[in-house]
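Okay, so here's the structure we're looking at.
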Amino acid sequence: MKIFNSYTNQIEEFISIHPRKVNMYVCGPTVYNYIHIGNARPVVFFDTVRRYLESLGYDVKFVSNFTDVDDKIIQKAIEENETELVISQKYINAFLDDLNALNCNTDYLQPKVTEYMKQIIEFIEDLIKNDFAYDVDGDVYFRVDKIKDYGKLSNRNIDDLISGSRVDINPKKESPLDFTLWKKTEVGINFDSPFSNGRPGWHTECVSMIDNIFHEQIDIHGGGMDLQFPHHENEIAQSKALHNHSLARYWMHNGRLSFKDEKMSKSLGNVVFVKDITDKMPLRYFLLSTHYRSPLNYDEESFSMYVKEWQKLEMAVKSLFLKLDLEKQYNDLIEIASPEILKEIDNFNLAMSDDFNTANAITSIQSLIKTINQSLRQKTNYNHLNQQLKAIMYMANILGLKIQLIPMNSEDRNLYEQWQSARSSKNFSLADELRLKLSQRGII
RNA sequence: GGACCCUUAGCCAAGCGGUAAGGCACGGGACUGCAACUCCCCCACCGCCGGUUCAAAUCCGGCAGGGUCCUCCA
């Protein structure tokens, strides 16, 4: 298993800290709005990472947070005349709905900032105690120049950052690079602390949660490329300050998604919400069609290609299952022994093991679809068909592409037979009617 | 102003020094009660100009075009 590590800027063999166990953390959403398809990219990708690692036999402890304390949430709460809690809960629920629709595993730890306030405050206190942070009139800042390798993750040097820094000239800060750990505030939700009444800066929550949940360096920390700087850089700085390690062994960053070659972001307002995409599986397919570190562009034309490809996959698998089910020959306990099928699975796994090259993994799926379709129009023995079905379901499952296989009940069977006999007796209007029914039941 | 990335057929997209995977669309066949689906065949010398090398889409330099970060953003 090879993973590109943003921290070292190279592809490395993945070795977990504890045998057969992977601790991973992915930066989650700030819950002030519905998620758009760009937000969905890391969500889907890291869900796929988890699935693949689990298929390799790792026990994966997956954690992803909810940022439920933030200026934007406060602003939204004021706009809608609601409490922050109501706002964040609403969008947390919406987020979980989207995850389910995208067939992402939602069974993982989802810590919220509000639930970790005590730990976050303690974390900041420790930083102050160790002289890595300083309190100015109730605001607390992190002293960046005390961290030797600051900039390593995002490949930049401190001098460039200082000379390039603009706008934000905060006289309270010792250095423009110092970042806020705690912000004294009167507006919106705020919390008691030894520093002041206020709320934590964004960069501390993840480190503090990781600290409290895992109690040690974790294996994988993931998130969008845009979080690399300053967010992840700052997480690393804090971790080095208190624990003298880089928080995670492997840092993984997915590339951004653009919309018609323009940046898609909530602030620009050109967003496509996940909830508004009717075809969620094609969306997942689309998000995995390009290697995760490459930029991905969304527009209706290219997305429609993936709708087609998805339908092709779904239809082939359904037809295959139907054939086996009709003859009562379906057997999911079968062992895959065919050399060609094993080879295809092998290719798939090789692609996935190569820094999660889902684009190439999909190629294996497409290739198997082709041979399935070929088999279906020939007389192929059931054993082989069962092997093909098992193989394609294995691949689809790792990519999280959910294909519903609906076994026929006696009524379905009856309909099917009537359809066939209507066809052979050339009663086409009846045949079409029955065909429609079967299709509505998801059988064909 | 500083840092950095990308450019492969009409479109999407692999490749990362050994002579262009795959998919969609198009075109030509086949199958078919009609649709849909499916199958077979066909479809590029890799932005441009130089250099390194026995060998370059792959390495180096320049140019052109596009994009990102340095500020909230997955």
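Letters A, B, ... mirror the listed sequences (proteins, then strands); counts begin at 1. Keep in mind that the numbers below use all heavy atoms, side chains included, and drop hydrogens, waters and symmetry copies.
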Whole-angstrom distance between B:C46 and B:U8, as gauged at atom P = 11 Å

task = Name the nucleic acid region contacted by A:L257, choosing base, sugar-phosphate or nothing; use a 4.0 angstrom heavy-atom cut-off, strictly under.
result = base

Mate of B:C31 across any strand shown (Watson-Crick or G-U wobble, both atom pairs under 3.5 Å) is none

TODO: Provide the distance between the two P atoms, one in B:C26 and one in B:A36, to the nearest whole Å.
DONE: 12 Å

Discussion item. Give me the distance, rounded to whole Å, that separates B:A13 from B:G17 when you measure between the P atoms they each carry.
Written reply: 22 Å

Closest to the side chain of A:N360, out of B:A21, B:G23, B:C12, is B:A21

A:I35 atom CD1 is separated from B:A74 atom P, nearest whole Å, by 10 Å

Here the distance between atom P of B:A13 and atom CG of A:L296, to the nearest Å, is 7 Å

RNA chain B nearest-nucleotide lookup for A:W419 and A:G223: closer to the 5′ end is A:W419

Atom CG of A:L177 and atom C1' of B:G2 are separated, to the nearest Å, by 13 Å

_Check this for me: does any side-chain nitrogen of one of A:R50 and A:D47 sit under 4.0 Å from a carboxylate oxygen of the other?_
no

How are the rings of A:F303 and A:F286 set to each other: parallel, tilted or perpendicular (split at 30° and 60°)?
-> perpendicular

| message | Please determine whether a side-chain nitrogen of the Lys or Arg among A:E174 and A:R143 lies less than 4.0 Å from a carboxylate oxygen of the Asp or Glu. | response | yes

More than 12 heavy atoms of other residues, nucleotides or ligands under 6.0 Å from NZ of A:K402: is that the case?
no

Regarding the side chain of A:M315, the nearest nucleotide among B:C34, B:G22, B:C37 is B:C37

Separation of B:G23 atom P from A:K308 atom NZ, nearest Å, is 15 Å

Inset, instruction - Please work out whether the ring planes of A:Y91 and A:Y34 are parallel, tilted or perpendicular, with thresholds of 30° and 60°. - result: perpendicular

Re B:U19: Watson-Crick or G-U wobble partner, both distances kept under 3.5 Å, found to be none

**Prompt:** Taking the C1' atom of each, how far is B:G18 from B:A57, in whole Å?
**Reply:** 13 Å

If you take atom types as modelled and just measure distance, does the side chain of A:K312 reach the base of B:C37 with a donor-acceptor pair under 3.5 Å?
no

By the Watson-Crick or G-U definition, both distances under 3.5 Å, B:G10 is matched with B:C24

- pair A:T290-A:N297: side-chain heavy atoms closer than 4.5 Å: no

Rounded to whole Å, the CG-P distance (A:L350 to B:G15) equals 13 Å

Among the nucleotides B:C70, B:A14, B:G33, whichever has the atom closest to the side chain of A:F428 is B:G33

By the Watson-Crick or G-U definition, both distances under 3.5 Å, B:C45 is matched with none

Closest of B:C69, B:C34, B:A74 to the A:L227 side chain is B:A74

Taking B:C12, B:C70, B:U68 as options, the one with an atom nearest any side-chain atom of A:S302 is B:C12

Distance, C1' atom - from B:C6 to B:G15, rounded to whole angstrom: 16 Å

Out of B:A13, B:G33, B:C72, minimum distance to the side chain of A:A359 belongs to B:A13

From NZ of A:K72 across to C1' of B:C72 the rounded distance in Å is 4 Å

Taking a pair to mean Watson-Crick or G-U wobble geometry with both distances below 3.5 Å, B:C73 pairs with none

Short side-chain N/O contact to B:C40 OP1/OP2 from A:Q374, under 4.0 Å: yes

In Watson-Crick or G-U wobble terms, with both distances under 3.5 Å, the base opposite B:C4 is B:G67

A:E309 atom CD is separated from B:U38 atom C1', nearest whole Å, by 16 Å

Among the nucleotides B:G23, B:C34, B:A74, whichever has the atom closest to the side chain of A:N39 is B:A74

| Atom C1', compared across B:U58 and B:G51: separation rounded to whole Å | 15 Å

- Task: Please measure how far the P atom in B:G23 lies from the corresponding atom in B:G62, and state the result in whole Å.
- Result: 39 Å

Q. Does B:A13 have OP1 or OP2 sitting under 4.0 Å from an N or O in the side chain of A:T290?
A. yes

Rounded to whole Å, NZ of A:K263 lies from P of B:C73 at a distance of 11 Å

Which of A:N254, A:D355, A:N357, A:T48 passes side chain to side chain donor-acceptor pair (under 3.5 Å) with A:Y292? Answer is A:D355

Whichever of A:N155 and A:D299 has the more 5' nearest nucleotide on RNA chain B, that residue is A:N155

Requested in this report: Examine B:C34: is either OP1 or OP2 under 4.0 Å from a nitrogen or oxygen in the side chain of A:K426? Give yes or no.
Outcome: no

Among the nucleotides B:C39, B:G33, B:C69, whichever has the atom closest to the side chain of A:K370 is B:C39

Among the nucleotides B:G15, B:A74, B:C24, whichever has the atom closest to the side chain of A:N357 is B:G15

Per the under-4.0 Å heavy-atom filter, residues of residues 376-393 of chain A near RNA chain B come out as A:R377

The nucleotide from B:C70, B:C73, B:A13 with an atom nearest the side chain of A:W202 is B:C73

Report task. Measure distances between side-chain N and O atoms of A:N297 and base N and O atoms of B:G67, and say whether any donor-acceptor pair falls under 3.5 Å. Result -> no

Q. Salt bridge or not for A:R199 and A:D70, using N-O below 4.0 Å?
A. no

query = Just wondering, more than 12 heavy atoms not from A:K152 lying within 6.0 Å of its NZ?
reply = yes

### Query
Distance between the P atoms of B:A20 and B:C60, in whole angstroms?
22 Å

Might you work through the salt bridge (charged side-chain N to carboxylate O under 4.0 Å, His left out) test for A:K184 and A:D137, ending with a clear yes or no? CA-CA 8 Å; A:K184 182 179 175 184; A:D137 306 329; over 6 Å; no

query = Is a salt bridge present between A:K146 and A:D178, judged by a nitrogen-to-oxygen distance below 4.0 Å?
reply = no

